[in-house]
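Here's the structure, in C-alpha cells; my notes come after.
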Amino acid sequence: GNENALARVSIVNHHGHTLLDKFVKPQEKVTDYRTHVSGVRPADIRDAPSFSVVVKEVAKLVTGRILVGHAIQNDLKALYLSHPKRLVRDTQRYKPFQEVIKNKRP
C-alpha cells in the first residue's frame, strides 16, 4: 500500500516527437491509482506490457544516447536502470535555471 509504482513511460526525441509512450503493468497490486494526479486509470494498465518488457525496451532505446530530463535520476531509479553520467543532462542541476529560480533545485 505505501510504495509508488511505475505506471507509464514516455520518451521523446530532441524534436519532441514521441519515441515511446506505454503504460506499464505494475509488479504488485495497485491500491490507489491517484488518478487525479497521475491520470492513470485501472483500464490503462489492465492489458499493459509487464514492467520487465518495458524496461528492456527503454534500455535498448536509450543506450548510447544523451538523456535530458528534470531530476532524471528519479526516472532511472524507477526503471532500475543506470546511465553513464557523461550522457545525462539534468535540468534540475542546470546552473542557469538555478540562478533564475535562486535555488539549487528548480
Side-chain angles (χ1 to χ4, degrees):
N2 294 338
E3 297 292 319
N4 291 323
L6 181 72
R8 187 175 191 174
V9 174
S10 300
I11 300 175
V12 298
N13 67 12
H14 63 283
H15 296 293
H17 298 158
T18 302
L19 301 178
L20 180 73
D21 186 21
K22 290 193 174 179
F23 286 100
V24 180
K25 186 177 290 284
Q27 299 177 90
E28 302 194 14
K29 183 181 180 220
V30 177
T31 57
D32 183 358
Y33 286 86
R34 294 187 285 184
T35 302
H36 66 286
V37 175
S38 70
V40 177
R41 300 162 301 177
D44 295 327
I45 63 170
R46 187 172 298 124
D47 297 319
S50 70
F51 179 83
S52 61
V53 166
V54 175
V55 167
K56 286 177 188 170
E57 200 170 340
V58 170
K60 184 177 178 184
L61 191 61
V62 303
T63 298
R65 296 180 185 249
I66 295 173
L67 299 183
V68 179
H70 186 79
I72 200 161
Q73 289 298 41
N74 294 331
D75 301 319
L76 292 169
K77 185 178 175 183
L79 291 160
Y80 298 107
L81 292 176
S82 61
H83 202 69
K85 204 171 195 170
R86 64 184 171 75
L87 295 177
V88 173
R89 308 296 187 267
D90 193 332
T91 60
Q92 182 184 34
R93 300 190 182 284
Y94 186 58
K95 293 224 184 283
F97 290 163
Q98 292 174 351
E99 290 168 7
V100 169
I101 302 298
K102 306 267 190 269
N103 190 329
K104 290 188 177 189
R105 303 191 104 180

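This structure is a prediction, so every number in the text was calculated from the model and none was measured. Note that these values count all heavy atoms, side chains included, but never hydrogens, waters or copies made by symmetry.
- Using a distance-only test at 3.5 Å, with no hydrogens or angles considered, no donor-acceptor pair links the side chain of Thr18 to the main chain of Val12.
- If you chain together hydrophobic residues whose side chains sit under 4.5 Å apart, Leu81 and Val9 fall into the same group.
- Atom NE2 of His83 and atom CG of Leu67 lie 3.5 Å apart (nearest 0.5 Å).
- Nearest heavy-atom pair across Val40 and Ala7 is CG2-CB, 3.9 Å.
- A distance of 8.5 Å separates CD in Glu57 from CD1 in Ile11, rounded to the nearest 0.5 Å.
- Taken to the nearest 0.5 Å, the CG atom of Leu19 stands 7.0 Å off from the CZ atom of Arg65.
- At least one donor-acceptor pair under 3.5 Å links the side chain of Asp90 to the backbone N or O of Ala71.
- Separating the CD atom in Gln73 from the CG atom in Asp75 is a distance of 9.0 Å, to the nearest 0.5 Å.
- Once rounded to the nearest 0.5 Å, the distance linking OG of Ser82 with NZ of Lys77 reads 14.0 Å.
- Nearest heavy atom pair, residue Ser10 against residue Asp21, reads OG-OD1, 2.7 Å.
- Contact annotation: the side chain of Asp44 never approaches that of Tyr33 to less than 4.5 Å [non-hydrogen atoms, C-beta and beyond].
- Heavy atoms only, all atoms of each residue included: Lys22 and Pro49 are closest at CD-CG, 4.2 Å.
- Among all heavy-atom pairs drawn from Ala59 and Thr63, the shortest one is O-OG1, 2.5 Å.
- At a cut-off of 3.5 Å, with distance as the only test, a side-chain donor of Arg34 or Asn4 sits close to an acceptor on the other residue.
- Using a 4.0 Å cut-off between a side-chain N of Lys or Arg and a carboxylate O of Asp or Glu, Asp47 and Lys25 do not qualify as a salt bridge.
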